[in-house]
Amino acid sequence: MPARQPDRVARWENWEGTSHEHLLLWQDAGGITVESAIVGDDYAARYRVTCDPRWHLRRLEVDVLGRPHFLLQADGDAYIRAAETSDRF
């Protein structure tokens with residue numbers, strides 16, 4: 001997570017009112033980072049997306065409580081691979 005305050009903050013709920021999301025976005029010359037937490041009636045998750053300055057995916061991390069951690073990494077040449085799954089919580 002970047003050390004400075006986010007450039008954008010957004011919060012919303014789905015139409016049914018059964019889940020809520022809180023999202024933080026940082027953008028600078030080095031790229032874009034998004035962190036978000038989602039809480040639903042029967043689940044909770046968080047994710048982090050890291051992109052280069054042109055919004056090309058570099059890394060995606062997903063944690064759903066009670067499930068293994070999931071990580072995708074991109075090499076910059078349009079190749080994306082599952083880099084890791086493990087129990088984080």
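Since the structure is predicted, the reported quantities are computational estimates derived from the model, not experimental observations.
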remark   = Distance col, row Glu61:CD vs Asp63:CG, nearest 0.5 angstrom, shows 7.0 Å

task = Find the distance between CG (Leu57) and CD1 (Ile32) and round it off to the nearest 0.5 Å.
result = 11.0 Å

ask   = What residues form a salt bridge (Lys or Arg N to Asp or Glu O under 4.0 Å) with Asp52, not counting sequence neighbours?
value = none

ask   = What residues form a side chain to side chain contact (heavy atoms under 4.5 Å, CB included) with Glu13, not counting sequence neighbours?
value = His20

request  = Would you indicate whether the side-chain heavy atoms of Phe70 and Val64 approach each other to under 4.5 Å?
outcome  = no

Non-neighbouring partners of Asn14 that pass side chain to side chain contact (heavy atoms under 4.5 Å, CB included), sequence neighbours left out = Glu16, Thr18, Ser19

inquiry  = With clusters defined by side-chain heavy atoms of hydrophobic residues (ILVMFWY) lying less than 4.5 Å apart, directly or transitively, does Val39 cluster with Val62?
reply    = no

query = What heavy-atom pair brings Pro53 and Ala29 nearest, and what distance separates the two atoms?
reply = CG-O, 3.2 Å

Value rounded to 0.5 Å, distance of NE2 in His69 from CZ in Arg46 = 8.0 Å

inquiry  = I'd like to check the side-chain hydrogen bond (donor to acceptor under 3.5 Å, both in side chains) partners of Thr50; sequence neighbours left out, ordered by chain and number.
reply    = none

Atom pair CG/OG1 of Asp7 and Thr33 - distance to nearest 0.5 Å = 10.0 Å

message = Run the side chain to side chain contact (heavy atoms under 4.5 Å, CB included) test against Trp12 and tell me which residues pass, sequence neighbours left out.
response = Ala10, Glu21, Leu23

message = Show the nearest heavy-atom pair for residues Gln27 and Arg4, with the distance to one decimal.
response = O-NH2, 3.1 Å

request  = Not counting sequence neighbours, which residues clear side chain to side chain contact (heavy atoms under 4.5 Å, CB included) with Pro6? List them please.
outcome  = Val9, Leu24, Trp26

task = Could you walk me through whether Arg59 and Arg48 pass the side-chain contact (heavy atoms from CB on, under 4.5 Å) test, one step at a time?
result = CA-CA 8 Å; Arg59 183 179 178 100; Arg48 177 183 296 143; 5.8 Å; no

